[in-house]
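Scroll down for the structure; my scribbles are underneath it.
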Amino acid sequence: MKKVLIDTDPGMDDTIAIILAAKSPELEVLGISSVAGNYPIEVTTRNALKTLELIGATTIPVARGMGKPLARPLAKDPFSHGSDGQAETHLPEPKTKPSPRHGVDQIIETVQANPGAVTIITLGPLTNVAMAFMKEPAIVPLVKEIVAIAGSFGLNKYAFANATGDTPQSEWNVFVDPEAAKLVFESGVPIRAVGLDVATHFDINFCEEELATLKSSPRPEANVAEKMVRFVQGRGFESYCVLIDSMAVAAVIDPSLIGTVPARVGVETKGELTLGQTVADFRHHHAWAQLPEIQVAATADYRRFLDLVMTSLTE
Ligand SMILES: [Ca+2]
């Protein structure tokens with residue numbers, strides 16, 4: 001099994017991603033750290049606990065992480081995930097408590113205990129990972145890989161048409177804490193960034209038959225997923241809104257699901273119009289060698305991805 005840490009700001013799509021990871025026979029989830037992003041830290045921590053209780057996975061520790069970005073006030077999410085942050089599904093209040101450890105320390109200590117073996121899956125702003133790298137730089141070379149829902153790279157029309165940050169060309173997780181994203185991208189850890197190009201594609205859509213299967217399933221997580229899709233449909237969006245974060249988990253479960261290309265990527269931390277933009281330098285000539293090279297998602301096998309999620313939710 002692949003050892004993973006999940007850093008997350010649930011969020012309805014985080015909720016489905018946590019379920020996909022926790023139920024995957026391929027993954028051993030060593031811990032979940034919450035971060036402020038889609039909602040304040042109290043809400044994202046509570047929602048992570050609620051999600052694990054829904055599927056009876058309460059042995060996975062949830063550690064509360066950073067409540068604010070490194071250098072900015074917490075932005076307000078323009079794309080509401082509902083009053084509860086989980087698409088108005090109003091899961092029961094959690095009986096379990098967060099771990100006494102801080103989320104940043106959970107990342108540091110888990111990587112130290114499993115050198116070279118841990119993949120960090122980030123589904124929210126990169127604040128916790130950046131803090132962990134600053135607090136204990138010795139863990140940086142011990143991280144196997146980071147697979148992040150982060151950025152948009154101009155590879156197709158979805159890169160910007162579905163921009164989730166609060167500027168025309170930014171993705172939410174990077175927009176919220178661009179300084180943290182820059183620090184992590186420049187860390188030297190191997191990174192696969194799944195951006196909006198691939199994660200908000202309109203091919204990520206459940207058909208009515210699949211939604212009926214989810215609704216009638218005896219599994220509560222399947223019922224919750226159906227309600228979430230109906231919630232986003234009611235706001236004029238498609239299923240992809242519920243499944244964005246699951247793409248990072250899927251990319252770890254089965255790397256062949258997501259095709260990547262190398263790119264030198266800088267994060268815009270000062271732009272008046274472009275704050276939080278991930279600027280990819282694909283030039284053959286005069287390329288900026290000072291920018292860190294990461295792998296960015298360029299293609300996905302959407303049918304196999306949807307089948308993976310359907311199986312996870314219903315079995
Ligand atoms: Ca998220």
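Atoms within a ligand are numbered from 1 in the order they appear, just like the ligands themselves.
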**Message:** For the backbone of Val189 and the side chain of Ser187, can you confirm whether one donor and one acceptor N or O come within less than 3.5 Å of each other?
**Reply:** yes
**Asked** Among Val279, Leu196, Asp197, whose side chain to side chain contact (heavy atoms under 4.5 Å, CB included) with Phe153 holds?
**Response** Asp197
**Asked** Linking I/L/V/M/F/W/Y whenever their side-chain heavy atoms sit closer than 4.5 Å, directly or via other members, would Val267 and Val184 fall into one cluster?
**Response** yes
**Request:** Taking 3.0 Å as the upper limit, name the protein N, O or S atoms near the Ca ion (ligand 1).
**Result:** Asp9 OD1, Asp14 OD1, Asp14 OD2, Leu123 O, Asp245 OD2
**Item:** ILVMFWY network linking Ile6 to Ile258, side-chain heavy atoms under 4.5 angstrom
**Value:** yes
**Prompt:** Do Asn128 and Asp7 have side-chain N/O donor and acceptor atoms under 3.5 Å apart?
**Reply:** yes
**Message:** In this structure, is the centre-to-centre distance between the rings of Tyr302 and His201 below 6.0 Å?
**Reply:** yes
